[in-house]
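Notes follow once the structure below has been shown.
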Amino acid sequence: MSANGSGDGVRAGGEPFVVGGLPVPPELAGLIRAGKWVPPAAEVLRRIFDDEPVQPCFYSESVLVRENRDWHTETDPVWLGDPADARNQGIVPERSLSIADLGPDMPVMLDYRESLTAPRVLYMNDTVWVQVAANVGQFIDLLYPDGIS
């Protein structure tokens with residue numbers, strides 16, 4: 001539930017949850033505010049990310065804000081992706097939000113380059129950014145196939 005009790009990711013004053021100028025999708029904002037944005041079982045994460053989770057962390061509102069403060073000014077090519085690698089989706093820090101990680105140097109991001117309302121979900125698998133879901137709704141369905149209680 002959001003501060004106004006609606007579960008839609010909107011704050012009590014009607015303002016949306018925005019981080020670094022990017023709107024957090026309402027379905028994700030609602031989970032975060034309700035305390036339901038938590039890592040599912042390791043086998044679910046393995047299936048979705050095709051990688052072994054080490055210490056998965058799905059960010060609370062305060063952590064999401066803090067993590068993205070520095071991320072939006074990132075310039076290290078190691079994190080941006082090699083455009084010469086056809087497998088790599090790449091990423092633009094100021095057009096993305098870090099929402100979780102599967103462990104150290106295993107970030108999960110929302111990619112807003114194609115849409116401000118329906119960002120893709122990307123994951124850095126080794127040194128390659130790969131798409132794990134076309135949008136947040138699809139990602140949530142993958143994470144919690146039996147729904148969220």
Side-chain angles (χ1 to χ4, degrees), residues 1-4 6-11 15-81 87-149:
M1 289 284 168
S2 67
N4 66 0
S6 68
D8 62 4
V10 176
R11 295 179 189 261
E15 65 189 73
F17 182 6
V18 177
V19 177
L22 299 171
V24 176
E27 57 267 55
L28 176 58
L31 288 177
I32 291 169
R33 293 210 168 107
K36 295 181 178 182
W37 179 239
V38 296
E43 59 269 10
V44 173
L45 295 174
R46 279 188 217 100
R47 179 178 40 80
I48 295 169
F49 294 99
D50 194 29
D51 210 346
E52 186 65 33
V54 179
Q55 293 174 308
C57 178
F58 284 31
Y59 301 157
S60 66
E61 186 172 350
S62 62
V63 173
L64 193 144
V65 169
R66 184 181 69 238
E67 288 291 320
N68 284 286
R69 191 172 298 126
D70 291 334
W71 170 249
H72 284 155
T73 59
E74 183 62 62
T75 59
D76 188 336
V78 168
W79 291 109
L80 305 183
R87 301 171 304 143
N88 196 344
Q89 297 285 322
I91 200 149
V92 176
E94 61 273 13
R95 300 287 293 164
S96 59
L97 286 179
S98 181
I99 59 169
D101 61 64
L102 296 189
D105 299 333
M106 302 171 82
V108 180
M109 299 280 183
L110 296 182
D111 175 21
Y112 290 83
R113 289 176 292 178
E114 295 177 8
S115 173
L116 272 177
T117 58
R120 299 182 303 162
V121 180
L122 302 180
Y123 169 67
M124 182 174 260
N125 185 332
D126 295 318
T127 59
V128 177
W129 287 101
V130 295
Q131 180 175 310
V132 294
N135 57 56
V136 170
Q138 182 184 69
F139 185 52
I140 290 169
D141 289 345
L142 289 170
L143 290 168
Y144 312 111
D146 297 325
I148 303 165
S149 51

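Excluded from the calculations below are hydrogen atoms, water molecules and symmetry mates; all remaining heavy atoms, backbone and side chain alike, are included.
To the nearest 0.5 Å, atom CG of residue Leu31 and atom CD1 of residue Ile140 are 4.5 Å apart. In this structure, the separation between NE2 on His72 and OG on Ser98 is 9.0 Å, given to the nearest 0.5 Å. Within the model, atoms CZ of Arg95 and CD of Glu114 stand 10.5 Å from one another, a figure rounded to the nearest 0.5 Å. We find the CD-CG distance between Glu43 and Leu45 to be 8.5 Å, quoted to the nearest 0.5 Å.
Here the shortest heavy-atom pairing between Arg47 and Pro145 reads NH2-CG, 4.4 Å. Here the shortest heavy-atom pairing between Arg46 and Glu52 reads NE-OE1, 2.8 Å. Residues Pro23 and Tyr112 come closest through the heavy atom pair O-OH, 2.6 Å. Minimum interatomic distance between Gly35 and Val38 (heavy atoms only, all atoms of both residues): O-CG1, 3.9 Å. Between Tyr123 and Pro107, the closest heavy-atom pair is CD1-O, 3.2 Å. When all heavy atoms are compared, the tightest approach of Ala133 to Leu142 is CB-CD1, 4.3 Å.
Using a 4.5 Å heavy-atom cutoff, the side chains of Leu122 and Arg113 are in contact. Side-chain contact check for Val132 versus Phe49: some heavy-atom pair is nearer than 4.5 Å. For the pair Trp129 and Asp111, the minimum side-chain heavy-atom distance is 4.5 Å or more. Side-chain contact between Leu28 and Leu110: present, with at least one pair of heavy atoms (C-beta onward) separated by less than 4.5 Å. Side-chain atoms of Leu22 and Leu116, non-hydrogen and from C-beta on, do get closer than 4.5 Å to each other. Taking 4.5 Å as the limit, every side-chain heavy atom of Phe139 sits out of range of all side-chain heavy atoms of Arg120. Between Leu143 and Phe58 there is a side-chain heavy-atom pair separated by less than 4.5 Å. Side-chain contact check for Asp101 versus Gln55: every heavy-atom pair is 4.5 Å or farther apart.
Within a 6.0 Å radius of CG in Asp141, other residues, nucleotides and ligands contribute more than 12 heavy atoms.
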Practice item. Start with the C-alpha distance between Leu102 and Val54, add both sets of side-chain angles, then the distance that settles side chain to side chain contact (heavy atoms under 4.5 Å, CB included), and finish with yes or no. Key: CA-CA 6 Å; Leu102 296 189; Val54 179; over 6 Å; no

Exercise for review: Show your reasoning for whether side chain to side chain donor-acceptor pair (under 3.5 Å) applies to Asn68 and Tyr59.
Suggested key: CA-CA 11 Å; Asn68 284 286; Tyr59 301 157; over 6 Å; no

**Study point:** Step-by-step side chain to side chain contact (heavy atoms under 4.5 Å, CB included) determination, Ile91 to Trp71
**Key:** CA-CA 11 Å; Ile91 200 149; Trp71 170 249; 3.9 Å; yes

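Ring geometry for Trp37 versus Tyr144: interplanar angle over 60°, hence perpendicular rather than tilted (30 to 60°).
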